Amino acid sequence: RLAEQASWDAELVSLELQELRDAGFELDLTGFDASDILLEDPPEEDQLAGQVELESDRPLVDPAVCDLKVRDGVEYLSGGGPEIVYYNQTDEQWAQLPYGRDKIGGYGCGPAAMAMVVSSLRGDVTVNPEEMAQSSVKAGCWASGHGSSLAIVERLSEAYGLECQPLDPEQLTGNDLLSYLAQGEVLVALMTKGHFTTGGHFILLRGSTLSGEVLVADPASRERSLTAWDPSLILEELSPNRAYGGPLWHIRLPEPEYMP
C-alpha cells in the first residue's frame with residue numbers, strides 16, 4: 001500500500017534524470033524518459049502555432065524570385081539563397097505526432113526549424129520533424145506546454161555536426177542582416193508577437209531579394225515562406241529573450257580542417 005500511495009518529488013527526480021542523461025545513461029531503463037526532466041528555464045513566450053498578432057498585406061514573391069517545389073515527395077524552398085528543405089509542422093503527417101507530451105503541430109516550431117536547418121546544410125543527412133522532436137526531448141529542450149528551450153538551437157546544431165554562433169541583434173542593422181544572407185548563410189530566429197506569431201516562434205532567415213528584402217522559411221506557414229520581408233521588421237520582431245544566445249543564431253557547416 002505504501003508504494004501505491006507514494007508520490008514522486010518531481011523536482012528531485014528531474015535533477016537526478018539530468019545527471020543520468022548527461023552521463024550518457026539510457027533513461028528508458030529507469031522507467032522515466034527525457035520528457036520527465038523539468039526545464040529550469042522554460043521559454044518566456046508560448047510557441048503555439050496558429051494565429052498571428054498582425055496580419056500582413058504583403059504580396060507573395062514572384063515565383064521567378066522565390067518558389068516552393070516538390071521533388072521525390074520532399075518540398076524545397078528555392079531562390080535568394082541556398083535551397084532549403086521545407087517542413088511544415090501543421091501538415092497532417094506531422095501535426096499529431098508527439099513532442100514530449102505535446103504535439104508537433106502545436107508546439108513543434110523549434111524541432112521543425114532545426115530539421116530544416118540540418119537537412120539543408122548537411123546534405124548527407126535528412127532529419128524530419130518527428131526525428132528532430134525526439135532529439136530535442138533527449139537533449140532536454142522540450143518545454144511542456146510552452147514549446148522549446150532556446151537551448152535547442154545550440155544543442156541540436158552541435159549534435160548534428162553544425163557550428164552555431166549567436167548574433168547580437170542590438171549590434172545588427174538591416175544591411176548587416178542582408179549581408180549575411182547575401183553570402184548564402186542561414187540564420188535561426190526566434191520571433192515574438194507580430195507578423196509571425198502571438199507569442200514565440202522559430203523561423204529560418206534563408207535568403208534575400210535584389211530589392212533588399214529578407215526571405216524566410218516559416219515552419220507553420222507556406223504563405224509567409226513565400227513572402228519577402230523588410231529587414232527592419234525582422235529585427236523589430238525578434239524575441240527579447242536572450243537565453244542561450246537568443247534570439248538569433250548563425251548556423252553553418254564547420255570549416256574543413258587544413259591538411260598539410
Side-chain angles (χ1 to χ4, degrees), residues 10-11 13-25 27 32-49 87 89 98-104 106-119 121-122 125 127-170 186-192 196-197 199-205 217 219-220 238-254:
E11 185 173 349
V13 169
S14 176
L15 291 172
E16 296 288 349
L17 291 175
Q18 287 183 60
E19 292 181 4
L20 290 171
R21 180 199 65 199
D22 295 342
F25 195 83
L27 296 185
F32 295 94
D33 59 38
S35 65
D36 293 299
I37 296 178
L38 303 177
L39 284 180
E40 295 180 4
D41 55 346
E44 296 174 3
E45 308 114 327
D46 285 348
Q47 299 157 13
L48 180 61
Y87 293 116
Q89 68 187 95
Y99 180 28
R101 288 189 288 271
D102 295 317
K103 301 294 185 185
I104 290 176
Y107 291 100
C109 61
M114 292 306 297
M116 290 193 283
V117 169
V118 171
S119 298
L121 295 185
R122 281 293 305 270
V125 175
V127 187
N128 64 43
E130 179 184 20
E131 295 165 331
M132 195 60 81
Q134 294 169 354
S135 294
S136 178
V137 172
K138 291 180 180 178
C141 298
W142 167 67
S144 177
H146 293 281
S148 304
S149 162
L150 273 64
I152 188 175
V153 183
E154 292 183 335
R155 291 181 186 174
L156 295 189
S157 293
E158 180 180 357
Y160 285 93
L162 297 174
E163 291 185 350
C164 175
Q165 176 189 1
L167 299 176
D168 184 354
E170 296 177 3
V186 176
L187 309 181
V188 176
L190 178 65
M191 310 305 290
T192 192
F196 295 91
T197 179
H201 187 52
F202 285 99
I203 65 171
L204 305 189
L205 309 184
L238 286 171
S239 169
N241 195 333
R242 296 297 185 265
Y244 296 101
L248 189 63
W249 301 263
H250 175 202
I251 313 297
R252 62 184 178 183
L253 288 167

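Quick caveat, the model's predicted, so the values are computed rather than measured. We count residues from 1, following the sequence as given.
Distance check: Phe202 CZ to Trp249 CH2 gives 5.0 Å after rounding to the nearest 0.5 Å. The CG atom of Leu150 sits 4.5 Å away from the CG atom of Asn241 when rounded to the nearest 0.5 Å. The distance from the OG atom of Ser239 to the CE atom of Met191 is 9.5 Å, given to the nearest 0.5 Å. Here the straight-line distance linking atom OH of Tyr160 with atom OG of Ser119 works out to 8.5 Å at 0.5 Å rounding. Rounding to the nearest 0.5 Å places SG of Cys109 at 8.0 Å from CD1 of Ile152. Atoms CG and CE, from Leu162 and Met114 in turn, are 7.0 Å apart once rounded to the nearest 0.5 Å.
What you find for Ala220 and Gln89 is that their closest heavy atoms are CB-OE1, 3.9 Å. Residues Arg242 and Pro247 come closest through the heavy atom pair NH1-CD, 3.4 Å. Heavy-atom minimum distance, Ser148 versus Pro111: OG-CD, 3.7 Å. Residues Pro219 and Ala112 approach most closely at CB-CB, 3.7 Å, considering heavy atoms. The two atoms that bring Ser149 and Ala143 nearest to each other are N-CB, 4.3 Å, heavy atoms only. In plain terms, the two heavy atoms of Ala189 and Leu238 that are nearest each other are CB-CD2, 3.8 Å.
No donor-acceptor distance shorter than 3.5 angstrom exists from the side chain of Arg252 to the backbone of Glu163, with no hydrogens or angles considered. Between the side chain of Glu131 and the main chain of Asn128, a donor-acceptor pair closer than 3.5 Å is present.
Here the side chains of Thr192 and Pro240 are in contact, with some heavy-atom distance below 4.5 Å. Looking only at side-chain heavy atoms (C-beta outward), His201 and Leu48 stay at 4.5 Å or farther from each other.
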Exercise for the section: Just do the side chain to side chain contact (heavy atoms under 4.5 Å, CB included) check on Glu158 and Glu154 with the steps written out, would you? Expected result: CA-CA 6 Å; Glu158 180 180 357; Glu154 292 183 335; over 6 Å; no
* Asked: Would Ile251 and Val153 count as a side chain to side chain contact (heavy atoms under 4.5 Å, CB included) if you check the C-alpha gap in whole Å, the side-chain angles of each, and the deciding distance to 0.1 Å?
  -> CA-CA 9 Å; Ile251 313 297; Val153 183; 3.8 Å; yes
- request: Start with the C-alpha distance between Leu121 and Val186, add both sets of side-chain angles, then the distance that settles side chain to side chain contact (heavy atoms under 4.5 Å, CB included), and finish with yes or no.
  value: CA-CA 9 Å; Leu121 295 185; Val186 176; 4.0 Å; yes
Test side chain to side chain donor-acceptor pair (under 3.5 Å) on Ser136 and Tyr99 and set out the steps. CA-CA 8 Å; Ser136 178; Tyr99 180 28; 2.7 Å; yes
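A side-chain contact (heavy atoms from CB on, under 4.5 Å) with His250 is found for one member of Leu205, Val188, Leu167 and no other, namely Leu167.
Annotation: side-chain contact (heavy atoms from CB on, under 4.5 Å) contacts of Asp102 (sequence neighbours excluded): Tyr107, Trp142.
More than 12 heavy atoms of other residues, nucleotides or ligands shown are found within 6.0 angstrom of CD on Gln165.
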